[in-house]
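The structure under discussion appears below in the form of structure tokens.
Numbered from 1 within each chain, the chains take letters A, B, ... in sequence-line order. Keep in mind the model is a prediction, meaning the values are calculated, not measured.
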2 protein chains.
Amino acid sequence: MRLTTKGRYAVTAMLDLALHEGQGPISLADISSRQQISLSYLEQLFAKLRRNDLVKSVRGPGGGYQLSRNKADIVVVQVIDAVNESVDATGCNSKGDCHGGEVCLTHHLWCDLSEQIHGFLSGISLADLVARKDVQQASQRLDKAHLRSVDIERIVATG
Amino acid sequence: MRLTTKGRYAVTAMLDLALHEGQGPISLADISSRQQISLSYLEQLFAKLRRNDLVKSVRGPGGGYQLSRNKADIVVVQVIDAVNESVDATGCNSKGDCHGGEVCLTHHLWCDLSEQIHGFLSGISLADLVARKDVQQASQRLDKAHLRSVDIERIVATG
DNA sequence: TATATAGTTGACTAAATTGGTCGGCTAATA
DNA sequence: TATTAGCCGACCAATTTAGTCAACTATATA
């Protein structure tokens, strides 16, 4: 089991989409600047999210990504799974063949732990996160900073 | 956060010690043969376990390792911590500076998850594991196989 | 229709971590 | 004094992470 920036970035990016729902497609460039995630890395992650049918893409100018279904119907563990980060804590992927075909001494412990984690992360939808006060506050901060940087770019571009 | 063989091996080895408590020092060679863990790797892990005061060592023939305190007073999360596998799921080690000095969008989510995992693993002592039926069954299996292999070695050695 | 935007794909990479191996050392005991 | 067993540090192959880069395709708009 591992939970690294890969899974965290994916959840953060999906939450960014959920927060800006109804504003049309959101470009990866926007997410990249708001959430400080490398654009190229986001591309990799979104390729997997799309393959897992969690987002749909719109090409061309004004394009971007949107959630493929209601934010209440996408749950954190699905996002983490989609980018290949397993939440399984066993060494045998819960198959029970960790010690020469049989279960190892601690197999059931790791099974129980996996269940705990899976249960926790499958009980939290993007809609749940959007509703949280701490998320709303952080989101406002990030959006403001993003708008400022867009302004600066415009000023630089137009002289 | 990651939970790999490193942490699992450490817990398994500590549980092996707990199961054979009262039989004097247990050598890493015994643990290695019973639990199918590389001896040299066990040495690395036990260096850390000893530094963290979870085991004490006895040198010389008949030597080995013993738990440094009662098995009811050693808890799974301590073992995992000792071998440097963090159970923290945040990207900032719970410091809250994950997004340029401030918390990132998903900081609190990972904090909550960390708390879940930590709570779960700190509620399970080695004594709890020893008392479990699935552990006892697996342990009997492994001990029998170990005795057989010891017999074979003796037969080979004596001709 | 040209052009800019934005997604798609694939090849590549530096750095870190994992799961070890190997050799030599030291302490204790029989 | 030989053997056992822990101690220690150097080294290593394989994998994963967190990217970069370049080329391509689809689409909207000027």
Practice problem: Evaluate side chain to side chain contact (heavy atoms under 4.5 Å, CB included) for A:Ile117 paired with A:Leu113, printing each intermediate quantity in order. | Solution: CA-CA 6 Å; A:Ile117 298 172; A:Leu113 175 60; 4.0 Å; yes
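Rounded to whole Å, atom P of D:dC8 lies 16 Å from atom CG of B:Leu42. The CD1-C1' distance, from B:Ile31 to D:dG6, rounds to 12 Å in whole Å. Atom CD in B:Gln66 sits roughly 12 Å away from atom P in D:dG6 (whole-Å rounding).
Here B:Ile80 pairs with A:Trp110, B:Leu3, B:Val11, B:Val76, B:Glu85, B:Val87, B:Leu121 under the side-chain contact (heavy atoms from CB on, under 4.5 Å) rule; sequence neighbours left out. In this structure A:Glu43 satisfies the side-chain contact (heavy atoms from CB on, under 4.5 Å) test together with A:Leu28, A:Leu39, sequence neighbours excluded. Every residue meeting the salt bridge (Lys or Arg N to Asp or Glu O under 4.0 Å) condition with A:Glu102, not counting sequence neighbours, appears here in chain and number order: B:Arg141. For A:Asp134, the salt bridge (Lys or Arg N to Asp or Glu O under 4.0 Å) test picks out A:Arg132, with sequence neighbours left out. For B:Ser86, the side-chain contact (heavy atoms from CB on, under 4.5 Å) test picks out B:Asp88, with sequence neighbours left out.
Residues in residues 111-141 of chain A take part in no ring-ring contact (aromatic ring centres under 6.0 Å, His included) pair, two or more places apart or across chains. The list of ring-ring contact (aromatic ring centres under 6.0 Å, His included) pairs with a residue in residues 56-107 of chain A, not counting sequence neighbours, reads A:Phe46-A:Tyr65.
Residue whose closest nucleotide on DNA chain C sits further toward the 5' end, between A:Arg51 and A:Pro61: A:Pro61. Between B:Arg50 and A:Gly60, it is B:Arg50 whose nearest contact on DNA chain D lies nearer the 5' terminus.
For DNA chain C, none of the residues of residues 92-106 of chain B falls under the heavy-atom distance limit of 4.0 Å. Annotation: proximity of residues 14-22 of chain A to DNA chain D (heavy atom, distance under 4.0 Å) is found for no residue.
Taking both residues in full, the closest heavy atoms of A:Ile74 and A:Leu54 are given as CD1-O, 3.8 Å, listed atom of the first, atom of the second, then distance. Between B:Gln78 and B:Asp73, the shortest heavy-atom distance links the atoms OE1-O, 3.7 Å.
Panel note: side chain A:Ser68, backbone A:Asp53; a donor-acceptor pair is recorded below 3.5 Å.
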For residues 17-26 of chain A, dump all side-chain donor-acceptor pairs below 3.5 Å to protein atoms at least two apart in sequence or in another chain.
from: A:His20; atom 1: ND1; to: A:Asp16; atom 2: O; distance (Å): 2.8
from: A:His20; atom 1: ND1; to: A:Asp16; atom 2: OD1; distance (Å): 3.4
from: A:His20; atom 1: NE2; to: A:Asp143; atom 2: OD1; distance (Å): 3.1
from: A:His20; atom 1: NE2; to: A:Asp143; atom 2: OD2; distance (Å): 3.0
from: A:Glu21; atom 1: OE1; to: A:Lys71; atom 2: NZ; distance (Å): 2.8

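Taken to the nearest 0.5 Å, the SG atom of B:Cys111 stands 12.5 Å off from the CD atom of B:Gln116.
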Quiz item: Which nucleotides of nucleotides 11-24 of chain D have their base under 4.0 Å from a protein heavy atom (B), which only their sugar-phosphate (S), and which neither (-), written as one string 5' to 3'?
Solution: ------SBBB----
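Taking the 5' to 3' direction, DNA chain C first and last meets chain B under 4.0 angstrom from a heavy atom at C:dT18 to C:dT29.
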